[in-house]
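For the numbers below, each heavy atom of this structure counts, side chains included, while hydrogens, waters and symmetry mates do not.
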Amino acid sequence: MLARIRSKVTYANVVASLALFVALGGVSYAVTALPENSVGAKQLKANAVTGVKVKDGTLERADFAPGALPVAGTDGVAGAKGEPGATGAAGATGQTGAAGAAGLQGEPGADGDAAAVSLLDPVNYLAENGSAQIFIDSVSIATVRAYRIDCADAVCTLSVGQPMNASLTLDQWYQTAIEGRPIAKKDFAIIEFDGGGQPQRRYWVTGGRPISKRTLNDRLEMTFSLELIERTM
């Protein structure tokens, strides 16, 4: 049998076999170099395309199966900003605060008219025969016919007016003040009374000290500097 095979191996057969082998090899090479757009869905095996083979940013929502992508507003994904809500109803009105303390009351006259505010003028005496008394340690030391309280920039003064020699105690008090004696500074009360003797207003003075005195036509006006003055009635 070997002799039979050898008898059939000729030069022509060998050349033909080599030509066939080369031809088949060329076809195999051509198959590995695929033409453009020659591969479709039918040629791809299942799971042949993975994430690393997909160009980033080329897929759209329509390329995914329903439910494959998260929905805005669920699963921790922020949703779109909604429209502003309607304005809420106004809140209830708060409670009214407590009334402040009454301010100090004086007896001012016309602006710029020194004579009008001067207590040396009897027209500035308290109305209807009213009067005011100065008390030190609950003892009345003087009765005056007029008084005025002035406060500016947290500095207050008290001025009183009366007929001359109505109170020697006021004169003595003023004398100790001009001598610079410490006893000139006193705490005292001044109470205003109506013509019937009924109290109308009461002020408490802390650290009062006479600082000036004027006289005219048998009348006296004395002014005190004050550390503090409070209306207590």
Side-chain angles (χ1 to χ4, degrees), residues 94-233:
Q95 296 182 349
T96 302
L104 302 178
Q105 297 186 8
E107 304 294 335
D111 292 340
D113 188 347
V117 299
S118 173
L119 302 184
L120 295 172
D121 190 339
V123 300
N124 292 315
Y125 284 179
L126 292 171
E128 299 180 357
N129 206 32
S131 63
Q133 293 187 39
I134 298 176
F135 292 84
I136 297 178
D137 296 332
S138 301
V139 177
S140 177
I141 65 167
T143 298
V144 298
R145 294 295 311 280
Y147 73 97
R148 185 179 70 250
I149 299 169
D150 298 300
C151 290
D153 298 328
V155 177
C156 295
T157 60
L158 166 69
S159 300
V160 297
Q162 63 172 17
M164 284 286 289
N165 301 323
S167 173
L168 293 177
T169 304
L170 286 183
D171 288 337
Q172 294 170 353
W173 191 358
Y174 179 74
Q175 187 62 36
T176 62
I178 63 176
E179 292 173 359
R181 299 171 63 183
I183 61 173
K185 184 179 292 187
K186 300 179 183 293
D187 298 341
F188 62 92
I190 179 169
I191 304 175
E192 178 186 336
F193 298 90
D194 62 17
Q198 296 299 313
Q200 302 298 302
R201 297 181 181 87
R202 184 181 189 277
Y203 298 94
W204 176 254
V205 174
T206 301
R209 178 178 179 274
I211 56 174
S212 67
K213 182 176 74 171
R214 298 193 300 171
T215 58
L216 179 67
N217 298 330
D218 294 328
R219 294 181 180 86
L220 167 70
E221 180 187 78
M222 186 175 294
T223 299
F224 300 83
S225 65
L226 314 173
E227 291 181 356
L228 179 67
I229 184 167
E230 300 173 276
R231 182 173 178 178
T232 58
M233 174 183 176

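The distance from the CD1 atom of Ile211 to the OG1 atom of Thr157 is 6.5 Å, given to the nearest 0.5 Å. In this structure, the separation between OH on Tyr174 and CD on Gln172 is 14.5 Å, given to the nearest 0.5 Å. Atom CD1 of residue Ile229 and atom CD1 of residue Ile149 lie 3.5 Å apart, to the nearest 0.5 angstrom. Taking CD1 from Ile190 and CG from Leu158, the interatomic distance works out to 5.0 Å, rounded to the nearest 0.5 Å. Here the CD1 atom belonging to Ile134 is positioned 5.5 Å from the CD1 atom belonging to Ile141, to the nearest 0.5 angstrom. The distance from atom CZ of Arg148 to atom OG of Ser118, rounded to the nearest 0.5 Å, is 7.5 Å.
In Glu179, the CD atom is crowded: over 12 heavy atoms of neighbouring residues, nucleotides or ligands sit closer than 6.0 Å.
Two residues are said to be in side-chain contact when any heavy atoms from C-beta on lie closer than 4.5 Å; Pro163 and Arg145 meet this criterion. Counting heavy atoms from C-beta outward, Asp150 and Thr223 have side chains that stay 4.5 Å or more apart. Side-chain contact between Met233 and Arg201: absent, with no pair of heavy atoms (C-beta onward) separated by less than 4.5 Å. At least one side-chain heavy atom of Glu192 sits less than 4.5 Å from a side-chain heavy atom of Tyr147. Side-chain contact between Val160 and Glu221: absent, with no pair of heavy atoms (C-beta onward) separated by less than 4.5 Å.
Of all non-hydrogen atoms in Leu126 and Ala146, the two that sit nearest each other are CG-CA, 4.4 Å. Shortest non-hydrogen contact noted between Pro199 and Ile191 is CB-CG2, 4.0 Å. Pairing each heavy atom of Val144 with each of Gln162, the nearest pair is CG1-OE1, 3.6 Å. The minimum heavy-atom distance linking Ala184 with Pro210 is given by the pair O-CD, 3.8 Å.
For the 3.5 Å distance criterion, the side chains of Tyr203 and Glu230 fail to qualify, holding no donor opposite an acceptor.
No side-chain donor-acceptor contact under 3.5 Å links Gln133 to the backbone of Thr143. No side-chain donor-acceptor contact under 3.5 Å links Asp187 to the backbone of Thr206. Asp153 places no side-chain N or O within donor-acceptor distance of the main-chain N or O of Val155, the cut-off being under 3.5 Å. No donor-acceptor pair closer than 3.5 Å links the side chain of Asp121 to the backbone N or O of Asn124. Judged purely by atom type and a 3.5 angstrom limit, Gln200 uses its side chain to pair as donor or acceptor with the backbone of Gln198. With hydrogens and angles disregarded, no donor-acceptor distance shorter than 3.5 Å links the side chain of Asp137 to the backbone of Val139.
For Arg219, the side-chain contact (heavy atoms from CB on, under 4.5 Å) partners two or more places apart in sequence, or in a different chain, are Leu120, Pro122, Tyr125, Asn217.
Aromatic ring orientation, Trp173 versus Phe188: perpendicular (interplanar angle above 60°, classes split at 30° and 60°).
At a threshold of 4.0 Å, the pair Glu227-Arg209 does not count as salt-bridged, since none of the basic side-chain nitrogens sits closer than that to a carboxylate oxygen.
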For this session: Under the side chain to side chain contact (heavy atoms under 4.5 Å, CB included) rule, what do Val205 and Phe224 come out as? Steps first, then yes or no, please.
Result: CA-CA 10 Å; Val205 174; Phe224 300 83; over 6 Å; no

For this session: Could you please spell out the steps behind the side chain to side chain contact (heavy atoms under 4.5 Å, CB included) verdict for Leu220 and Arg214?
Result: CA-CA 6 Å; Leu220 167 70; Arg214 298 193 300 171; over 6 Å; no

